Structures are given as structure tokens and as C-alpha cells.
Number of protein chains: 2
Amino acid sequence: MPKPEVDPTVSLELSVDRSSPVPLYFQLSQQLEAAIEHGALTPGSLLGNEIELAARLGLSRPTVRQAIQSLVDKGLLVRRRGVGTQVVHSKVKRPLELSSLYDDLEAAGQRPATKVLVNTVVPATAEVAAALGVAEGSDVHRVERLRLTHGEPMAHLCNYLPPGLFDLDTGQLEATGLYRLMRAAGITLHSARQSIGARAATPHEAERLGEDEGAPLLTMERTTFDDTGRAVEFGAHTYRPSRYSFEFQLLVRS
Amino acid sequence: MPKPEVDPTVSLELSVDRSSPVPLYFQLSQQLEAAIEHGALTPGSLLGNEIELAARLGLSRPTVRQAIQSLVDKGLLVRRRGVGTQVVHSKVKRPLELSSLYDDLEAAGQRPATKVLVNTVVPATAEVAAALGVAEGSDVHRVERLRLTHGEPMAHLCNYLPPGLFDLDTGQLEATGLYRLMRAAGITLHSARQSIGARAATPHEAERLGEDEGAPLLTMERTTFDDTGRAVEFGAHTYRPSRYSFEFQLLVRS
DNA sequence: TCAATGCGTATGTCCGGACAATCGAACTAC
DNA sequence: GTAGTTCGATTGTCCGGACATACGCATTGA
């Protein structure tokens, strides 16, 4: 019977460029990640001990450890005391990034289209004010968009943004995603609080998305924060469940 | 006008116990986290430079850095070169753990009840076999449960487990959650691949959950892996959206 | 008055070493 | 043959130092 085999240590071509401004540990972690992605490092294979690896690359052990640790954090590797470091068996894709719908679709080769329905400034409702941390009734941007794939509506996106962050050009909003615009404006996204639920479509929503009244819709509310902790966006989205679902990888924090 | 203020450096009482088997960096990170949670470290306040902090605690700088880094990874702190380390403004709760429904509910003070509907061994369907990485038609455990809060059904949980992992006692399944049983059996959970969607309830599902036929349901499919990469569980769950939604915090990986 | 420059400060990266804790397997004793 | 023990291998933790890099602010110059 095929007993649970432990793949042998794999040695592959690794090298670092000390003249590069890219940190050495980062060069190494990228090469290792590429090797895993590419299949040179097969699931279950041992990585060889850190000390020898460091010696082979002309690096110190802390540097090698930093590279390996970053991949452990990503869920690609597992370390075991007394055993070694091995590649995780499962087909881990990505451990859930804060991704935009636009990027998701583009990565899936869907070439999404966007139609801006509303792009105005409105007084903040109590809910929006609480989410963005501004005074109730103060001005906030309101953007409503319809996201389409293959000419069919897929999601309705309603977003609120605090004023003065950057200018919301309708043309740019139709050409790319909101997150990409924010990043381009020098905003570094940090974290987001999300809530995913479901409910029946109202007549208005049904018509907007091309569904029947009462049809199930997937809903998502999200408040996004930048690296200073400011709320930079609050969104209430509805998705057609026949055309979209949330997929992601979770990691147990150890 | 109140310009964006930078809170002054806060110094607080920190100490480490060198005789404890708990790693020093972990002692420090826990104390810092407690101080943030407790409010002793207010959002925006600076943490003081690492070198002085290390000297004050009698630790080396790498150890202090390791403690701080773990909190940065959790999203509680932000480091800035030339500036310092400061507490994040936003009310970050927790960055999305791989949590069980049972634990979620218990944490919310709901005192969940579970009714085991099915607990048998069945041949694996193609879908289940693919998810668990076993041969199609081979034996797998099948557990169907109804989760109730306040006497009302809230979710229907259908799970498949590879054989021989641990024994599935119906009584224990009703007393606690599946994840807790797995952990108790010495299985260390590592990651999970999840998909969240929505659909209309079939007549059978509707009756089971006390909803109307065609009512929207929140669906979740999840394959969980242990630290060796083995799939240890595959589940297909349906939730009543009026009683449950998925809430979590995301972090941008930098 | 305003922009460019320089400096101090803090984190980012990297080194080389030391000892402890843990796992697995070979070995030994019963 | 089986159970307990020892031992090598490997990661975990920690130290002390060194230099690079980027940010904010004060100074300087136009």
C-alpha cells in the first residue's frame, strides 16, 4: 500500500543579486514562490535546512529565515521543528487579499464594463456618516455603478467617499475600478470591514439587474480604511448570485 | 481648524519574565496588544523608538522588532520609516480568522443548539471526492446538522469527512462544534478555501429552515486543510440570511 | 515669502553566532 | 517482538552590532 510518503529534499537553482536594491530576503522569497507556483517545488517536498541553504546562497540564516517566514505567512510553506520546511499540499491560491471586484474580474479574463449611474455629492445619512466617521448631514460623494460582463449586468455598486480625497471622474470610473483610482491618488489601502449577506430583490433592484422581483441577491457592505486608519470608502453592493460568488482562502493565524 | 494631530509618544509599564517558557517577543506583543485593546495605547499614539524600548526592557532590538512585527501583521500597528510606530486609528477587531459557526455564535452570546440529522458513512460523490482528495465512491463520513438559536433554525450544515480521522460521536456533535472536535482530536487546522453565494430555497430546504419556497438563502462551501495539507473536511452550508451574515476584517498584504 | 538643502531620527536590512526545544528514527533492553 | 531510550537533525528564540534608507523639520538661499 502507498504509505504517506515524504518527498525528498529538493535542491534548485537559487541566486541573489547583491547589487540590486531589492532586499535579499525578498529576492529569495520570490524565487521560492515562483518555484512553487511553477511546480519545481512539489507539494510535500522538503526545502532543505536553513543553515545549509544560507551557506549555499552566501546569506546569513536570519535572512533566509525571513524569506521562508514570509512564505509561511502566505500559507505556501509549513515549518516543523526537527523535520524541516515543506511545501503545503493543498492547492493554495491566495490567502484572501483585499481585492476589488474590477481586479477580480479582470484577473478572470472577463473584461468588465462599468456604467456610472450616479456621481454626485449628497448629505451623509446616519449610516454613511457612522461608517465614514464624518458628521451626519455633511457632504459625501455618492457613486452608483452597474458592473457588466458580456453585456449582462452582474452587480450594482453603491459607494460613498469622504470629500476632498481625490476627484471622481466619471470617465475614469468607467474605465477602471475604484480601488485602482484610489491607489493612483496616493492612498494606500490598509484594511476593510466586510459583511456578506443575502436578500430578496426589490422591484427596482430586480429591474436594474435583470432579475425577477423577489429573486435572491448576494449583498456586500464594506468600509475600507487607509494606512492612517481613516475610512476612505463605504460601499453597499448587490450581486446576481448566478453570476458571482465570493471565493477566498483563509488562514489560521498561529 | 483642528489639523491632523500626531499624538505624543506614550510610555507605559512593560515587563518581561525571563524565567517563563513563553517567548520574550510573545510576552511583549501580548502586553502591547492588551494595552491597545484596553485603551492605554490610544489610536495614533507613537510607540517610541525600538532601540530605546529594547534598552528599557533589557531586550535586544530584534526581539522587540519581532513583537512589534506580529502586531503589524495583525493590523494593530503601522510602522513608518523616519517617523515611528503608531497605533492604527480604526477599530480593527480581528483580521478574519478561520472560525467556526459554533464559536462565532457562542462568542456573540447566542448559546447555539445543534440537532444532528444524519451521521453515517456514504460513498463519496465526484464533488466530495475531488474536494477531499479521495477516490470517488470510497467511504466518507456524512454529517448533517441543523443549527438553532433561540429555538429557531438558523443554518443547515452538511459536512463530509475522510474516514479514520477521528470518531464522530453524535452526542458530542450536538454539544459542541465540528472544529472544536477536530482540534481536540489533535488536528491542527491550517487553511480553508471558501465560497460564499446565494440562491433560492428549494421546497425541501425551505421546510427544513422554516422559510418559504424560493426565499433567498446564503450558501457557503468550504474545504478545510490541516497543517500537512490534507483536506480534513468539506462542507456545504445554507444560512437564513435574516439570521446570519458573514462579517470579517480584511487586511491588505503589504 | 517660498523653495531647496541638509540633518537628525527612526525604521529597514543584514550579519554571525549561541543555546533551547522538538521531532523522528535508530538503538537498546526487556 | 515491543516498549522505552538515546541521539542527531532542524527549527525556535535571542543576542549585539552594523550600515542603508526614508521621513520630517529646521536652516538656508533665492
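Sequence lines set the chain letters: A, B, ... in the order given, protein chains first and strands last, and positions in each chain run from 1. Computation of the quantities below employed the complete heavy-atom set of this structure, encompassing side-chain atoms and omitting hydrogens, waters and symmetry-equivalent molecules. Since the structure is predicted, the reported quantities are computational estimates derived from the model, not experimental observations.
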Name of the residue among B:Leu76, B:Ile36, B:Leu46 meeting side chain to side chain contact (heavy atoms under 4.5 Å, CB included) with B:Leu41: B:Ile36
Interface with DNA chain D, restricted to residues 58-67 of chain A and to heavy atoms under 4.0 Å: A:Arg61, A:Arg65
Value rounded to 0.5 Å, distance of CD in A:Glu233 from CE in A:Met182: 5.0 Å
Closest non-hydrogen atom pair between B:Pro162 and B:Val232, with its separation: CD-O, 3.4 Å
Spacing between B:Leu53 atom CG and C:dA10 atom P, to the nearest angstrom: 12 Å
Rounded distance in Å - CD1 (B:Ile68) to C1' (C:dA10): 11 Å
Side chain B:Gln31, main chain B:Ser15, donor-acceptor under 3.5 Å: yes
Backbone of B:Val116 reached by a side-chain donor or acceptor of B:Glu174 within 3.5 Å: yes
Whole angstrom value for the distance that separates P of D:dC14 from CG of B:Leu28: 10 Å
B:Arg79-B:Gln69 side chain donor-acceptor pair, cut-off 3.5 Å: yes
Integer-rounded Å distance: C:dT11 P and B:Ile51 CD1: 8 Å
Partner set under side-chain hydrogen bond (donor to acceptor under 3.5 Å, both in side chains) for A:Gln27, not counting sequence neighbours: none
B:Phe26 CZ: over 12 foreign heavy atoms closer than 6.0 Å: no
Strand-adjacent residues in residues 18-25 of chain B, judged by heavy atoms under 4.0 Å from DNA chain D: B:Arg18, B:Pro23, B:Leu24, B:Tyr25
Sequence-distant partners of B:Gln66, side-chain hydrogen bond (donor to acceptor under 3.5 Å, both in side chains), two or more places apart: none
B:Gln69 CD to C:dC14 P, straight-line distance once rounded to whole Å: 14 Å
Least distance between heavy atoms, A:Ala67 atom then A:Ser70 atom: O-OG, 2.7 Å
Annotated protein contacts, base or backbone, on nucleotides 5-10 of chain D with a non-hydrogen cut-off under 4.0 Å, one of B, S, - each: ----BB
Spacing between A:Leu47 atom CG and D:dT11 atom P, to the nearest angstrom: 8 Å
A:Leu57 CG - C:dC14 P separation (whole Å): 13 Å
A:Asp17 CG to C:dC14 P, straight-line distance once rounded to whole Å: 12 Å
Under 3.5 Å between N/O atoms: give me all the protein pairs with nucleotides 4-6 of chain C, atom names plus distance.
none

A:Glu33 and A:Lys74 ion-paired at < 4.0 Å: yes
Distance-only donor-acceptor check, side chains A:Arg145 and A:Asn119, under 3.5 Å: no
Ring-ring centroid check B:Phe225 B:Phe234, cutoff 6.0 Å: no
